[in-house]
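A short worksheet on the structure shown next.
FYI, side chains are in, hydrogens and waters are out, and symmetry mates aren't considered; it's all heavy atoms of this structure. Letters A, B, ... are given to chains in the order of the sequence lines, protein chains preceding strands, and every chain is numbered from 1.
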Protein chains: 2
Amino acid sequence: MKQNSHEDAYALLRQSGHRATEGRARILEVLVKEQKPMTVPEIIKKLGHAGLNEATLYRALEALASSLVIRRVDLQKGNARHYEFVLKHHHHVVCLKCGVIEPFSNELCGRIAERAIKKSKLFKKASDHSLEVFGVCVRCLNKNHV
Amino acid sequence: MKQNSHEDAYALLRQSGHRATEGRARILEVLVKEQKPMTVPEIIKKLGHAGLNEATLYRALEALASSLVIRRVDLQKGNARHYEFVLKHHHHVVCLKCGVIEPFSNELCGRIAERAIKKSKLFKKASDHSLEVFGVCVRCLNKNHV
DNA sequence: GTGCTATTGCAAGTAAGTTGCGTTTGTAAT
DNA sequence: ATTACAAACGCAACTTACTTGCAATAGCAC
């Protein structure tokens, strides 16, 4: 299975109601392989020479995100949106200096989100939640001591 | 005290190691009054006619955020950064359709963040965390049924 | 194959945020 | 009070992220 991520990507696209196109398959392959939140400029770099058109990429990512194939993540890292392929729901610790990301999981978090919705008057159901923890990583701390 | 938010703003600026300037005081007054995450364009509107220069605003907000007078919040709402004056740490439920925001508090969340840091190899201390819950508000749900 | 429509590329445009630089203005020291 | 220095400011030009309209292409159902 791991042998042919291309076929996997095609299948994933069809399952989620999209057309299985070369372009979207390649986007998915990048996100699946990198396993971290990426911006459009970053994805373009990974796609390399024969990259997709910029506009197409933005549209594809929005489409994939709204059908929950990928997830849009907002980190305090630059100005660009990040998109991530998610196998298992998780969160991130982000370094405010260098932007390095470390993922972590926590079961409670979903319940906190549920409770917030229950108490809410404006909302009935949560579709997603994000918990991001910010700090300065050990490496950057050391840099500052110099 | 509430009578003169201008003086309060000046004091707050000095306490946090900034110069007490007219401009930054007015920014703070807007954020304190509105009590919600705001983008630069939104702040400009509130400042009105004799608003500050755009570049100045961006620089001021970054300065205030990095000295923790205000907080940078990332919501899945448009492309712009949001800044918020925070009296008591809290989180948000955000409508993915119309962007309406409802705040909530939860004590556990801070502990989850602490635990994530403790388990981490890259980080020793968290400086902040954010939990945002996403959904579609009741009003927008009703619109879709029509 | 045929036809429909999702998807794509191109090109032009908008909006958010940044940077360099010269000027102004708090503030602390005199 | 005066001075001196750095923080804060305004202006203008610039970069980057993202959007939009439209015509061309290509999946997919029949």
How close or far is atom P of D:dG10 from atom CD1 of B:I44, stated in whole angstroms?
-> 11 Å

Are B:L122 and A:V93 linked, directly or through other ILVMFWY residues, by side chains that come within less than 4.5 angstrom of each other?
-> yes

Could you tell me how the ring of A:H90 sits relative to the ring of A:H92: parallel (under 30°), tilted (30 to 60°) or perpendicular (over 60°)?
-> perpendicular

Approximate separation, where rounding is to 0.5 Å, of A:L131 CG and A:S105 OG | 11.0 Å

Spatial distance of atom CG (A:D128) from atom CZ (A:R71) [nearest 0.5 Å] = 4.5 Å

Can you tell me the distance, in whole Å, between the NZ atom of B:K45 and the C1' atom of C:dA15?
-> 13 Å

Interatomic distance where CG belongs to B:N79 and C1' belongs to C:dT14 [whole Å] = 11 Å

Taking the hydrophobic residues Ile, Leu, Val, Met, Phe, Trp and Tyr, and joining any pair whose side-chain heavy atoms are under 4.5 Å apart, which ones share a cluster with B:L61?
-> B:L12, B:L13, B:I27, B:L28, B:V30, B:L31, B:V32, B:M38, B:V40, B:I43, B:I44, B:L47, B:L52, B:L57, B:Y58, B:L64, B:V69, B:I70, B:Y83, B:F85, B:L87

is_close_aromatic(B:H129, B:H91), centroid dist under 6.0 Å | yes

Nearest-Å distance, CE (B:M38) to C1' (C:dA16)?
-> 16 Å

Between SG of B:C137 and NZ of A:K125, what distance do you get to the nearest 0.5 Å?
-> 14.0 Å

Starting from P on C:dT8, measure out to CD on A:E62 and report it in whole angstrom.
-> 14 Å

Selection: residues 14-26 of chain B, any non-hydrogen atom under 4.0 Å of DNA chain C | B:R14, B:R19, B:A20

C:dT7 P sits how many Å from A:L57 CG, rounded?
-> 14 Å

Near DNA chain D, under 4.0 Å by heavy atom, which residues of residues 69-78 of chain B?
-> none

All N/O contacts under 3.5 Å from nucleotides 11-14 of chain D to the protein, with atom names and distances to one decimal?
{"residue": "D:dC11", "atom": "N4", "partner": "B:R59", "partner atom": "NH2", "Å": "3.4"}

Could you state the interatomic distance from SG (A:C95) to CZ (A:F134), rounded to the nearest 0.5 Å?
-> 11.5 Å

List for me each residue that meets salt bridge (Lys or Arg N to Asp or Glu O under 4.0 Å) alongside A:D74, sequence neighbours excluded, and say none if there are none.
-> none

Rounded to 10 degrees, the angle between the two terminal axes of the helix from C:dG1-D:dC30 to C:dT30-D:dA1, each from five pairs = 50°

Looking at A:Y58, does any N or O in its side chain come under 4.0 Å of the phosphate oxygens OP1/OP2 on D:dT19?
-> no

